[in-house]
J.: 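Below you will find the structure I want to go over with you.
Computed over heavy atoms, backbone and side chain alike; hydrogens, waters and symmetry mates excluded. Keep in mind the model is a prediction, meaning the values are calculated, not measured.
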Amino acid sequence: MSTCKITKSFVDKLALPQKGQVFYRDSELKGFAVRVTTGGSKAFVLEKRINRKLKRITLGRYPEITVEMARKEALKYLGEIATGIDPIAKRQQAQAEQMTLWQVWQDYRRIKSYLKDKTYVQYEMYLNGELEDWKNKRLVDITKDMISTRHGRLLKSHSPSYANTAMRILSAIYKFANDQYEDNNGLSLFPHNPVDRLGQIKAWAKEPRRQTVIKPKQFELWYKELQEMKFNTGAESHHVVADYLLFLLLTGLRKNEGATLTWNNVDLDEGTIYIPDTKNKEPLTLPLSDVLIGILNYRLRFKTNEYVFSSRKAKYLAHPDQALKHLCEASGIKFTFHDLRRTFITVAESLDISSYAIKRLVNHKNGSDVTEGYIINNHDRLRAPMQRITDFFKENCKINMDDYVSR
């Protein structure tokens, strides 16, 4: 690194280095320098120890700013440093304060690209819906009072779950900003989360848990209409969805866990299925009852791709809602996909199957239960309770195994 008086004529005459970059220090103002790169860029910089660490501040490119302008800028920064101000942190804070909610969300989506697609869809549904007027607001301008007011307004116009979810999405974005954007000292540029106000004043709305299930007295009609939909509506998707819905009822699987089941995770010889991607991130191996094996053998005859419940449009059964609506209307029984899981659990409990076995079957975890950690459950030990649950449904739904042989 050379030392000389930096002037306009000096900068104009600087030759480009053959590789990398070269710095020329100013002989009059300590720390002031010009940086020259092989690409032809010339920029003024200031080097100074801040909090015992040598920092380099880029003042601007030449000729966009002149030598005189750069020298004045360097003196301004030196004055701030002398009074204990970190100009780099100050600049970073100023840049962060300009970031809008939507800009931070874009960084969130780019950096957290491993999340499931439905997570991004849900976030954008709220950001483009009830929170749309905040999309272009600077993150620092959304206050605790604004959060409280908006949450209260949503509670009047929507369900408690909807209002809480909107605020949880905002909170997740603020937590991301807190972790992602830091100054050169590692301190967060967004240390405050205004959504915390809802917890501080205990304003989170109570969300009543759904209790809907298909009742035992409805099972026979439900299954009859299911088979009617499967064989007599003429819709190819209904034929697949009918088996899918019964599969969910007899396994307690979540909607997406069943829809994305692939043939390479089915072992008909062993009588098991494997679910690698579950809600709690714990892979699940389930034993198969006789009816479940019948369903899988039946679907195997219609195999078109790697998915058990395949679809021409999305490869797997991504949009079964229309068939569900059809069955609800035909049977007069209103239910959701998750109601099938809730029904499975309710039947299991009514059969006095142990709570530990039920938790293993539906992949629930209870971190506060110390005893559970000492119980080793493998899928063979779950085979008997799984068959007992299926037998209950077979009897009450009047399931005929002939429905799963060639027609």
Side-chain angles (χ1 to χ4, degrees), residues 209-227 230 241-261 265-266 271-275 277-280 282-296 298-299 308-309 317 320-321 323-324 327-328 331 333-366 372 377-399 401 403-404:
R209 190 166 185 171
R210 286 179 61 95
Q211 300 295 328
T212 51
V213 296
I214 300 176
K215 298 177 176 63
K217 64 181 181 181
Q218 298 173 317
F219 287 157
E220 185 175 358
L221 174 60
W222 182 87
Y223 182 74
K224 178 184 176 182
E225 293 298 335
L226 183 82
Q227 295 302 99
K230 178 177 178 177
V241 177
D243 286 340
Y244 165 68
L245 291 175
L246 185 59
F247 196 81
L248 292 186
L249 180 67
L250 299 183
T251 58
L253 289 177
R254 294 180 175 88
K255 175 183 176 181
N256 203 52
E257 292 170 350
T260 58
L261 178 65
N265 285 324
V266 174
T272 60
I273 57 172
Y274 176 69
I275 311 296
D277 186 15
T278 65
K279 184 177 180 179
N280 66 9
E282 292 284 344
L284 173 66
T285 298
L286 277 181
L288 296 171
S289 64
D290 55 354
V291 178
L292 290 170
I293 290 175
I295 294 172
L296 291 171
Y298 183 81
R299 294 303 334 154
V308 173
F309 303 103
L317 203 58
D321 303 87
L324 177 80
L327 182 57
C328 288
S331 66
I333 301 169
K334 305 300 180 185
F335 70 97
T336 66
F337 292 104
H338 202 72
D339 287 341
L340 299 177
R341 176 177 173 84
R342 195 177 291 110
T343 301
F344 175 90
I345 295 172
T346 301
V347 166
E349 289 177 334
S350 73
L351 296 174
D352 292 328
I353 292 172
S354 77
S355 61
Y356 294 115
I358 296 174
K359 286 179 183 177
R360 296 293 179 177
L361 286 171
V362 297
N363 209 24
H364 278 171
K365 294 177 68 177
N366 186 354
E372 184 178 3
N377 269 312
N378 57 41
H379 58 265
D380 286 327
R381 293 185 63 181
L382 298 175
R383 198 174 296 278
M386 178 65 94
Q387 186 61 52
R388 283 182 62 197
I389 296 168
T390 291
D391 288 343
F392 180 90
F393 284 118
K394 282 170 67 176
E395 179 181 352
N396 287 272
C397 292
K398 301 295 189 286
I399 295 175
M401 289 300 294
D403 293 335
Y404 301 98

J.: Between Arg360 and Arg381, is there a donor-acceptor pair closer than 3.5 Å when you use the side chain of the first and the backbone of the second?
T.: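 Flag not set: sc Arg360 to bb Arg381 has no pair under 3.5 Å.
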J.: Over 60° means perpendicular and under 30° means parallel, so classify the ring planes of Phe335 and Trp222, tilted if in between.
T.: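 Taking Phe335 first and then Trp222, their aromatic rings stand perpendicular (interplane angle over 60°).
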J.: Can Ile275 and Leu286 be said to form a side-chain contact (heavy atoms from CB on, under 4.5 Å), step by step?
T.: CA-CA 8 Å; Ile275 311 296; Leu286 277 181; 5.5 Å; no
J.: Start with the C-alpha gap between Tyr223 and Leu226, add the side-chain angles, then the distance that decides, and say whether side-chain contact (heavy atoms from CB on, under 4.5 Å) holds.
T.: CA-CA 5 Å; Tyr223 182 74; Leu226 183 82; 4.0 Å; yes
J.: What is the distance from atom CD1 of Ile345 to atom CG of Leu340, rounded to the nearest 0.5 Å?
T.: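 Output value for this atom pair is 11.5 Å.
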J.: So, does Arg342 use its side chain to make a donor-acceptor pair with the main chain of Thr212 at under 3.5 Å?
T.: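 Yes; judged by distance alone, with no hydrogens or angles, the pair exists.
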J.: Answer yes or no: is there a donor N or O on one side and an acceptor on the other, between the side chain of Gln387 and the main chain of Asp290, under 3.5 Å?
T.: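 The answer is yes, because a donor-acceptor pair under 3.5 Å joins these two groups.
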J.: Could you walk me through whether Arg388 and Asp391 pass the salt bridge (Lys or Arg N to Asp or Glu O under 4.0 Å) check?
T.: CA-CA 5 Å; Arg388 283 182 62 197; Asp391 288 343; over 6 Å; no
J.: Would you compute the distance between atom CZ of Phe392 and atom CG of Leu351 and round it to the nearest 0.5 angstrom?
T.: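 Here the rounded value is 6.0 Å.
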J.: Tell me, with the steps shown, if Leu296 and Ile273 meet side-chain contact (heavy atoms from CB on, under 4.5 Å).
T.: CA-CA 10 Å; Leu296 291 171; Ile273 57 172; 4.1 Å; yes
J.: Using modelled atom types only, decide if a donor and an acceptor are shared between the side chain of Tyr244 and the backbone of Lys255 within a distance under 3.5 Å.
T.: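 Pair found, side chain donor or acceptor close to backbone of Lys255.
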J.: Should Phe344 and Leu253 be marked as a side-chain contact (heavy atoms from CB on, under 4.5 Å) after you check the CA-CA gap, both sets of side-chain angles, and the distance that decides it?
T.: CA-CA 9 Å; Phe344 175 90; Leu253 289 177; over 6 Å; no
J.: Measure the spacing between NZ of Lys279 and NE2 of His364 and express it to the nearest 0.5 Å.
T.: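 Reported to 0.5 Å precision, the distance equals 7.5 Å.
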J.: Identify, with sequence neighbours excluded, every residue that meets side-chain hydrogen bond (donor to acceptor under 3.5 Å, both in side chains) alongside Asn396.
T.: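 Checked Asn396 against side-chain hydrogen bond (donor to acceptor under 3.5 Å, both in side chains); zero matches.
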J.: What's the shortest heavy-atom distance between Glu282 and Asn363, and which atoms?
T.: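 Closest approach of Glu282 to Asn363, heavy atoms only: O-ND2, 2.9 Å.
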J.: Considering residues, nucleotides and ligands other than Lys398, do more than 12 of their heavy atoms fall under 6.0 Å from its NZ?
T.: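 Yes, enclosed.
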J.: For Lys334, I'd like to know if atom NZ has over 12 heavy atoms of other residues, nucleotides or ligands within 6.0 Å.
T.: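 Yes, the 6.0 Å shell around NZ holds more than 12 heavy atoms from other groups.
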J.: For the CD atom of Glu257 and the OG1 atom of Thr278, what is their distance to the nearest 0.5 Å?
T.: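 Glu257 atom CD to Thr278 atom OG1 measures 6.0 Å (nearest 0.5 Å).
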J.: Write down the atom of Ala242, the atom of Lys230, and the distance for their closest heavy-atom approach.
T.: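 Shortest heavy-atom contact: CB-CB, 3.5 Å.
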J.: Quickly, which of Leu361, Ile353, Thr272 forms a side-chain contact (heavy atoms from CB on, under 4.5 Å) with Leu382? Name it, please.
T.: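 Single pass found, and it is Leu361.
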J.: Of the non-hydrogen atoms in Leu292 and Leu288, which two are nearest, and what is the gap between them?
T.: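 For Leu292 versus Leu288, the nearest heavy atoms are CB-CD2, 3.9 Å.
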J.: Between atom CZ of Arg341 and atom CG of Leu248, what is the distance when rounded to the nearest 0.5 Å?
T.: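 The distance works out to 10.0 Å.
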J.: Nearest 0.5 Å please: distance from the CG atom of Leu317 over to the CG atom of Leu261.
T.: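 Going from CG on Leu317 over to CG on Leu261, the span is 11.5 Å.
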